[in-house]
Amino acid sequence: APKLYAADFNLGVIFEQQGNAAAAIAAFSNVLRRVPDHAASYKALAEVLRESGRIEAWFTNFERFERNCPNHVALAAHALEVCAYRADFPRLGRYLDGLRDERFTAGEPLEVLDALQQILYLLHFFDVEPELVGRIGRTHDALARRVYGEPRPRSSKRFPGKVRIGYLSG
């Protein structure tokens with residue numbers, strides 16, 4: 001069933017979880033041969049390639065992702081990593097400008113949430129204005145509320161007694 005590319009994608013996820021990088025790469029690549037704009041496969045393939053040390057293939061995957069999904073928010077997250085790794089600061093600047101201009105809008109809600117979380121983390125490594133981080137954070141919060149619903153309200157009930165504080169150390 002050639003149109004059942006979701007099965008190959010799911011196989012790729014399973015192979016990745018089993019630590020079988022070669023099979024995961026083959027499964028995600030098979031999806032991309034049939035559906036060249038399947039952003040989730042580019043993202044998953046990128047993770048497997050990077051983790052298995054296949055950096056040149058990681059770059060090639062990024063170039064294909066950029067050609068086939070130019071407005072996908074997951075591309076922006078991937079671009080921040082690739083451009084920083086390559087020290088391609090002009091291209092990195094274009095992607096940061098794209099985030100400022102809200103150019104990256106495509107994606108399913110859960111894909112967008114995942115990409116926004118990754119972007120929020122990665123922006124800590126770049127000298128960007130706090131307003132950009134705040135705006136992306138608010139976008140993430142609004143989408144998370146739309147997808148998952150409102151957070152549970154805080155309990156107004158206080159318990160008497162000593163306040164107990166726990167410390168956690170790295």
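For the single chain, residues carry numbers from 1 onward in sequence order. This one's a predicted model, so the numbers in the text were calculated from it and none came from an experiment.
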When you measure from the side chain of Arg54 to the backbone of Val48, do you find a donor-acceptor pair of N or O atoms at a distance under 3.5 Å?
no

N/O donor-acceptor pairs under 3.5 Å from side chains in residues 65-72, not counting sequence neighbours:
residue: Glu66; atom: OE1; partner: Arg91; partner atom: NH2; Å: 2.3
residue: Glu66; atom: OE2; partner: Arg91; partner atom: NH2; Å: 3.3
residue: Glu66; atom: OE2; partner: Tyr95; partner atom: OH; Å: 2.4
residue: Asn68; atom: ND2; partner: Tyr42; partner atom: OH; Å: 2.9
residue: Asn68; atom: ND2; partner: Arg64; partner atom: O; Å: 3.0
residue: His72; atom: ND1; partner: Ala74; partner atom: N; Å: 3.0
residue: His72; atom: NE2; partner: Glu111; partner atom: OE1; Å: 3.2

Please state whether the rings of Tyr121 and His124 are parallel, tilted or perpendicular, taking 30° and 60° as the class boundaries.
tilted

Roughly how far apart are Ile55 CD1 and Thr60 OG1, rounded to 0.5 Å?
11.0 Å

Looking only at heavy atoms, the pair that brings Arg100 and Val128 closest together is NH2-CG1, 4.0 Å

Distance (rounded to the nearest 0.5 Å) between Cys83 SG and His78 NE2:
9.5 Å

To the nearest 0.5 Å, tell me how far Asp88 CG sits from Arg94 CZ.
6.5 Å

Leu132 reachable from Leu80 in the ILVMFWY side-chain graph, under 4.5 Å edges:
yes

Between Phe28 and Asn61, is the side-chain contact (heavy atoms from CB on, under 4.5 Å) condition met? List the steps.
CA-CA 11 Å; Phe28 294 134; Asn61 179 63; over 6 Å; no

Quick one, Tyr5 and Leu32 - any side-chain contact, counting heavy atoms below 4.5 Å?
no

Indicate if Val82 and Leu92 have the same hydrophobic cluster label, given that clusters are the connected sets of ILVMFWY residues with side-chain heavy-atom separations under 4.5 angstrom.
yes

Would you say Glu129 has more than 12 foreign heavy atoms packed within less than 6.0 Å of its CD?
yes

Mind checking ring pair (Phe, Tyr, Trp, His ring centres under 6.0 Å) for Tyr85 and listing every partner two or more places apart, or none if nothing turns up?
Trp58, Phe59

N-O pairing of Arg138 and Asp141 below 4.0 Å
no

List the steps, then state whether salt bridge (Lys or Arg N to Asp or Glu O under 4.0 Å) holds for Lys43 with Glu108.
CA-CA 13 Å; Lys43 182 180 182 306; Glu108 297 294 321; over 6 Å; no

Decide whether Leu11 and Val31 are clustered together by the hydrophobic rule: side chain heavy atoms of Ile, Leu, Val, Met, Phe, Trp, Tyr closer than 4.5 Å, transitively.
no

Minimal heavy-atom distance between Ala44 and Phe9, with the atoms involved, is CB-CE1, 4.2 Å

Honestly curious: do Leu45 and Phe15 fall in one hydrophobic cluster under the side-chain, below-4.5 Å linking rule?
no

His140 versus Gln117: any side-chain heavy-atom pair under 4.5 Å?
yes

Are the side chains of Arg146 and Leu143 in contact, using a 4.5 Å heavy-atom criterion?
yes

Ile14 reachable from Leu49 in the ILVMFWY side-chain graph, under 4.5 Å edges
no

Just how far is it from atom CZ of Arg103 to atom CG of Asp97, taken to the nearest 0.5 Å?
9.5 Å

All heavy atoms of Asp8 vs all of Asn30, minimum pair found to be OD2-ND2, 2.7 Å

So which heavy atom on Ala26 is nearest to which on Arg33, and how close?
O-NH2, 4.3 Å

From Val73, Thr139, Val147, residue fulfilling side-chain contact (heavy atoms from CB on, under 4.5 Å) relative to Leu113:
Val147

Atom of Gly12, atom of Ala24 and distance for their closest heavy-atom approach:
O-CB, 3.5 Å

